[in-house]
Enquirer: 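Provided herewith is a single structure, encoded as structure tokens, for subsequent inquiry.
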Amino acid sequence: KKLILQESRFREDIISGNTKSSKGATGIAQFMPATAEELGVDPTDPKQAIPAAGKYLSSLKEQTGSWEGAVAAYNWGIGNLTRQGIENAPEETRNYLQAIVGSGEVASADQ
């Protein structure tokens, strides 16, 4: 719930896709077009997007080994996280982690 709140604030204009992120993410879970296509979902349909976000987050946890890593990858991208490490996450991602995980510290990806 915290992730979806952080992504869309449950705003109708974001959920409907009328307002997209500066990077082009859309819908209640703010999927990038390629991610939505990969997951086979319409990002503007909450009945599809919410379960897909859960599955995607779970997949990211498997890849990163932690919920902190999964949440960081959801925001920053798995490629960025893998290449640069969670300790080098930008301020936006650190704030995102704080809002969702509530931890003041960013754990390493193997914790």
Side-chain angles (χ1 to χ4, degrees):
K1 181 178 176 180
K2 286 182 179 183
L3 185 138
I4 297 296
L5 176 63
Q6 193 67 24
E7 290 294 344
S8 67
R9 297 287 180 209
F10 300 107
R11 286 180 25 197
E12 181 55 38
D13 60 316
I14 294 173
I15 294 168
S16 68
N18 289 331
T19 299
K20 295 182 180 187
S21 79
S22 61
K23 305 274 188 198
T26 189
I28 194 165
Q30 288 292 278
F31 284 128
M32 293 298 289
T35 304
E37 186 176 332
E38 181 182 314
L39 296 171
V41 298
D42 173 355
T44 64
D45 180 351
K47 289 181 182 178
Q48 291 180 34
I50 293 171
K55 288 178 186 174
Y56 183 54
L57 191 61
S58 180
S59 168
L60 292 171
K61 188 209 183 253
E62 287 181 25
Q63 293 175 64
T64 65
S66 71
W67 285 114
E68 290 84 2
V71 171
Y74 195 102
N75 176 258
W76 192 27
I78 188 67
N80 288 326
L81 184 71
T82 302
R83 283 188 304 276
Q84 299 181 51
I86 197 167
E87 61 279 355
N88 296 311
E91 184 177 0
E92 174 191 336
T93 300
R94 290 177 177 275
N95 292 339
Y96 187 83
L97 274 168
Q98 176 64 34
I100 295 170
V101 179
S103 165
E105 297 180 16
V106 177
S108 68
D110 58 10
Q111 288 183 328

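FYI, side chains are in, hydrogens and waters are out, and symmetry mates aren't considered; it's all heavy atoms of this structure.
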Enquirer: Give, for atom CD of Glu7 and atom NZ of Lys2, the distance between the pair rounded to the nearest 0.5 Å.
Expert: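 Output value for this atom pair is 14.5 Å.
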
Enquirer: Pair Arg83, Asn80 - check side-chain contact (heavy atoms from CB on, under 4.5 Å), show working.
Expert: CA-CA 5 Å; Arg83 283 188 304 276; Asn80 288 326; 2.9 Å; yes

Enquirer: Are the side chain of Ser16 and the backbone of Glu12 linked by a donor-acceptor contact shorter than 3.5 Å?
Expert: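 Here the side-chain-to-backbone pair exists.
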
Enquirer: Indicate the atoms forming the closest heavy-atom contact of Phe31 with Ala36, along with that distance.
Expert: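 Shortest heavy-atom separation between Phe31 and Ala36 comes out as CB-CB, 4.0 Å.
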
Enquirer: Is there a side-chain contact between Thr26 and Pro33, using heavy atoms and a 4.5 Å cut-off?
Expert: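 In short, these two side chains do not touch, never coming nearer than 4.5 Å.
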
Enquirer: Can you name the nearest heavy-atom pair linking Pro51 to Pro46, along with the distance?
Expert: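 Minimum heavy-atom contact is CD-O, 3.8 Å.
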
Enquirer: Could you tell me the separation between the CG atom of Leu60 and the NZ atom of Lys55, rounded to the nearest 0.5 Å?
Expert: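 Going from CG on Leu60 over to NZ on Lys55, the span is 14.5 Å.
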
Enquirer: Hey, what do you get for CD (Gln6) to CD (Gln98), rounding to the nearest 0.5 Å?
Expert: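 If we round to the nearest 0.5 Å, Gln6:CD and Gln98:CD are 10.5 Å apart.
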
Enquirer: Only pairs at least two apart or in different chains count here, so list each side chain to side chain donor-acceptor pair (under 3.5 Å) that has a residue in residues 30-46.
Expert: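 Checked against side chain to side chain donor-acceptor pair (under 3.5 Å) - neighbours excluded - the pairs reaching residues 30-46 are Asp42-Thr44, Asp45-Gln48.
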
Enquirer: Checking side-chain contact (heavy atoms from CB on, under 4.5 Å) between Ser8 and each of Ile14, Asp13, Thr19, which is the one that passes?
Expert: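 Going through Ile14, Asp13, Thr19 one by one, the side-chain contact (heavy atoms from CB on, under 4.5 Å) with Ser8 is satisfied by Ile14 alone.
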
Enquirer: Does Ile50 share a hydrophobic cluster with Met32, counting links as ILVMFWY side-chain heavy atoms below 4.5 Å and allowing steps through other members?
Expert: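 Different clusters: Ile50 never reaches Met32 through Ile, Leu, Val, Met, Phe, Trp or Tyr contacts under 4.5 Å.
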
Enquirer: Give me the ring orientation class for Tyr74 and Tyr96: parallel if the planes are under 30° apart, tilted from 30 to 60°, perpendicular past 60°.
Expert: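 Taking Tyr96 first and then Tyr74, their aromatic rings lie parallel (interplane angle under 30°).
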
Enquirer: Side chain to side chain contact (heavy atoms under 4.5 Å, CB included) with Pro90: which residues, sequence neighbours excluded?
Expert: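 Once residues adjacent in sequence are excluded, the partners of Pro90 under the side chain to side chain contact (heavy atoms under 4.5 Å, CB included) criterion are Trp76, Thr93.
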
Enquirer: Using atom types as modelled and distance alone, determine if a side-chain donor or acceptor of Arg9 lies under 3.5 Å from a backbone N or O of Ile4.
Expert: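 Checked: no pair found.
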
Enquirer: How close do Gly69 and Leu81 get, counting heavy atoms only, and between which atoms?
Expert: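 Here Gly69 and Leu81 meet closest at O-CD2, 3.3 Å.
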
Enquirer: Between Gln63 and Ile78, is a side-chain contact (heavy atoms from CB on, under 4.5 Å) present by the stated rule, with each step listed?
Expert: CA-CA 9 Å; Gln63 293 175 64; Ile78 188 67; 3.6 Å; yes

Enquirer: Can you name the one residue among Ile86, Thr64, Leu97 that meets side-chain contact (heavy atoms from CB on, under 4.5 Å) with Val71?
Expert: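 Option passing the side-chain contact (heavy atoms from CB on, under 4.5 Å) with Val71: Leu97.
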
Enquirer: Please walk me through it: do Trp67 and Leu57 pass side-chain contact (heavy atoms from CB on, under 4.5 Å)?
Expert: CA-CA 8 Å; Trp67 285 114; Leu57 191 61; 3.9 Å; yes

